[in-house]
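The block underneath contains the structure these notes are about, expressed in structure tokens.
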Amino acid sequence: MDANRRQFLRGAAGALATTAAAVAAPVSEAVAFGPREPKTLPPKAVGMLYDSTLCVGCKACVSACKEANGMPAEQPASLALWNEGTWDAAEDISGKTLNVIRVYQNGTMVEKDREQDGYAFVKRHCLHCVDPSCISVCPVSAMQKNPVTGIVTHNPDACIGCRYCVYGCPFNVPQYQFDEPFGRISKCQFCNHLQAQGKLPACCDVCPTGASLFGLVEDLQAEAERRLAAKPGETYTFPRGKLGGDRVGHEAPVGEYQPHIYGEKESGGTQVRYLTGVPHEKLGLPELPDHSYAAVSEGMQHTLYKGMIAPLALLGGLVVLARRSAKAYRDEDPTRTDDEEDSR
Amino acid sequence: MSVLHPVAESPDPVLENHQPLGGRIVTKPFMLLGLLVLIGGYFILRRFLFGMGDVSHMSNGYPIGTWVVLDVVIGTAFGCGGFAMALLVYILNRNVYHPLIRPALLGGVFGYTLAGLAVMIDLGRYWNAFNLLMPWYAQINSVIFEVALCVMAYITVLWIEFWPAFLERMPSAIKKRFNLDKFQVFLRRYMYVFIALGVLLPTMHQSSLGSVLLIMGSKLSPLWYTQWLPLLFLISALAMGYGVVMLEATLVQRSFKLPSEAALLTKLSRVVAGLLVLFLIVRIGDLLARGQLGLAFNFDRYSILFLIETALFAAPIAILASQRRCANTRLRFLATISLLAAGSLYRMNGYLLAVNPGNGWTYFPSAPELMITVGVVCLEIMLYLIFIKTLPVLPGRTAKAGRPS
Ligand code: SF4
Ligand code: SF4
Ligand code: SF4
């Protein structure tokens with residue numbers, strides 16, 4: 001018995017030490033834990049500048065988007081009576097709507113792009129993040145970012161429909177078709193099929209005022225900065241379709257912008273830029289930090305699972321301890337009858 | 001503290017002195033459970049025929065609903081009994097708890113297997129589920145990927161760990177026919193590897209269930225969003241695992257009039273009390289360190305959820321840490337319930353109640369959606385009952401003593 005006790009004590013001390021080590025390693029690493037390196041804009045990143053002050057709410061982009069992407073018209077139940085199922089009247093992006101124009105309304109709504117007693121339009125679709133949460137969470141690589149253009153695409157053949165991209169996207173962009181038995185994830189893919197043919201994304205192509213403007217992200221950023229620097233009210237030629245393209249511009253007075261280019265830094269930066277007259281959070285564009293939560297999450301995963309070293313070390317310790325326990329029990333078992341030559 | 005010596009009453013970690021409980025399988029409560037399973041089945045059918053929207057209130061604001069949160073995030077924590085006991089018995093060498101391990105494992109087998117079933121109901125593109133196993137689709141940065149693979153592996157390990165219970169009952173003719181004796185020897189010899197895996201895998205995916213929420217950022221209230229989520233989820237999984245073992249032991253003992261394992265449970269309670277204290281230290285310490293503790297006293301929705309949750313975590317400590325109070329079956333039972341409720345609420349808050357996707361979205365599960373969850377849980381209980389009655393799961397001496405007719 002005494003020998004057993006000693007053996008047990010030794011075992012217990014070993015167990016304690018290993019457990020302590022196993023717990024301490026990840027914990028101490030987690031203390032030193034930091035987000036992983038932020039991702040950077042791809043070399044030929046394409047994007048969109050949406051200028052809310054130019055948008056007239058015609059929704060040409062919404063129907064063009066539907067047509068270009070083969071999406072059905074949508075009628076919310078509340079509007080079904082008067083719209084008789086013929087008009088598309090989506091209230092927000094959904095499983096059937098990749099792009100929508102929403103309206104901000106306040107008080108008497110007399111003036112456009114004014115926070116008090118005003119109204120304003122805002123466009124909703126994927127912002128093609130530089131460091132996308134949807135890609136980070138997707139277990140089956142169904143979300144992909146083109147390494148050159150930075151367009152974030154979705155592959156329904158890979159997708160298992162877990163909807164963590166919906167859950168994790170800071171802008172609530174990916175939408176699952178809950179009303180379909182074989183639903184899929186819908187999201188704007190920047191009309192990459194049109195771009196492959198050298199065409200413009202449908203929404204930018206049809207926009208009559210240049211409110212939705214296609215271009216290289218760096219150029220769009222410069223354009224946004226130019227607009228911010230211009231004096232409100234002075235006449236400005238707003239490009240249409242594609243920045244640097246050959247279409248005739250649209251002459252209009254410069255709007256009274258909020259001094260913030262939304263999408264430049266939000267969530268680690270995106271490839272879409274918003275200029276608005278009303279503070280962005282009023283338009284449903286959420287306040288976000290300069291880093292992507294994907295970097296936080298992956299930082300944690302990389303800390304705990306780097307090269308699977310910590311889990312394997314832990315497994316090694318566990319195997320040793322479990323084996324020792326199993327052996328101890330067997331050695332002491334007076335009723336043991338079978339004579340396996342194992343665990344000796 | 002006295003040293004616990006590994007007693008020889010359950011000498012072998014593989015071939016236990018366990019006995020089936022026997023008795024009738026189809027009883028009244030069993031039929032009631034069956035009815036609930038049927039109702040759940042009806043709605044599951046509808047979900048597959050008409051889509052998730054037909055039965056569920058999930059939306060693109062709250063794309064994760066009760067199926068994932070109750071059946072998987074909370075359900076697997078309830079299934080952590082096997083994990084928690086294996087850690088204690090085999091890793092920390094506390095052999096006195098041995099009689100509790102096989103029922104705990106069985107709870108894990110069903111808790112996890114049915115969580116897997118719930119996932120298949122919940123996956124929007126279930127026919128692609130195999131992609132999770134295809135290396136060319138693997139996305140190793142994804143926490144969900146880690147959880148999915150790890151849970152699949154653990155379900156396999158649980159069935160392997162439980163396999164000896166089948167072998168013991170198998171007629172030797174069948175064993176000969178399929179050469180199972182060899183397999184049994186193999187299992188006996190290498191069971192320690194599976195035991196080790198059975199501790200490692202839950203450590204990984206239970207903490208990862210916390211890491212999943214790191215992507216939520218500002219959608220999750222700062223009272224819950226912290227980089228300590230993985231550790232908090234791990235501790236709460238262990239505490240809930242022990243809680244389930246205690247609950248299970250008390251309920252089984254009550255309903256089948258078995259001799260009580262009170263002495264063991266009292267001992268176990270102290271371990272649980274320690275875990276709860278640890279949880280609260282990390283939880284509150286982190287809030288202090290981030291300077292967010294003030295949010296707890298805003299008395300808005302989040303603060304109230306936080307206060308209830310914390311009270312439920314703290315209350316059992318007073319009972320479980322005291323040997324005297326713990327000897328009282330009713331108090332111990334209450335403490336166990338409180339602890340399980342605490343862990344469940346913590347998980348539900350993190351995944352749903354403290355989440356705000358903005359844009360005016362709200363979520364409250366629909367009745368059919370809940371009935372599916374209820375059905376899955378009832379199926380779990382039914383299978384558990386069938387197994388303990390027909391397979392050697394419960395400790396032998398007690399099973400013989402109290403076999404109901
Ligand atoms: S906006 Fe959402 S869906 Fe689009 S790339 Fe970013 S994370 Fe992905
Ligand atoms: S729903 Fe599809 S695209 Fe979204 S994370 Fe899951 S598998 Fe990936
Ligand atoms: S880029 Fe194409 S898919 Fe995206 S919103 Fe515009 S039209 Fe729709």
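Proteins come first, then strands; the chains are lettered A, B, ... in the order of their sequence lines, and each starts at number 1. No experiment lies behind these values; they were computed from the predicted model shown.
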With a 4.5 Å cut-off on side-chain heavy atoms, are B:Ile215 and A:Tyr164 touching?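 Heavy-atom side-chain distance check fails, nothing below 4.5 Å.
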Do B:Asn60 and A:Asn172 have side-chain heavy atoms sitting under 4.5 Å apart?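 No, too far: nothing below the 4.5 Å cut-off.
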Would a distance-only check, ignoring hydrogens and angles, find a side-chain to backbone donor-acceptor pair under 3.5 Å from [X] to [Y]?
X: A:Arg163; Y: B:Ile64; value: no
X: B:Asn131; Y: A:Ala158; value: yes
X: A:Arg323; Y: B:Tyr192; value: no
X: B:Gln139; Y: A:Ser136; value: yes
X: A:Ser141; Y: B:Tyr137; value: yes

For the residue pair A:Asp157 / B:Asn128, report whether a side-chain donor-acceptor contact shorter than 3.5 Å exists.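 No donor-acceptor contact under 3.5 Å links the two side chains.
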Check each atom of [X] against the heavy atoms of chain A and say whether the ones under 4.5 Å are side chain, backbone, both or neither.
X: B:Ile140; answer: neither
X: B:Ala148; answer: neither
X: B:Tyr126; answer: both
X: B:Ser208; answer: side chain
X: B:Asp122; answer: both
X: B:Val68; answer: side chain
X: B:Leu123; answer: both
X: B:Val147; answer: neither
X: B:Met134; answer: neither
X: B:Tyr351; answer: both

Can you tell which part of A:Gln175 gets under 4.5 Å to a heavy atom of chain B, answering side chain, backbone, both or neither?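 Both backbone and side chain.
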Please flag which part of A:Gln177 lies under 4.5 Å from any non-hydrogen atom of chain B: side chain, backbone, both or neither.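 Neither part; nothing is under 4.5 Å.
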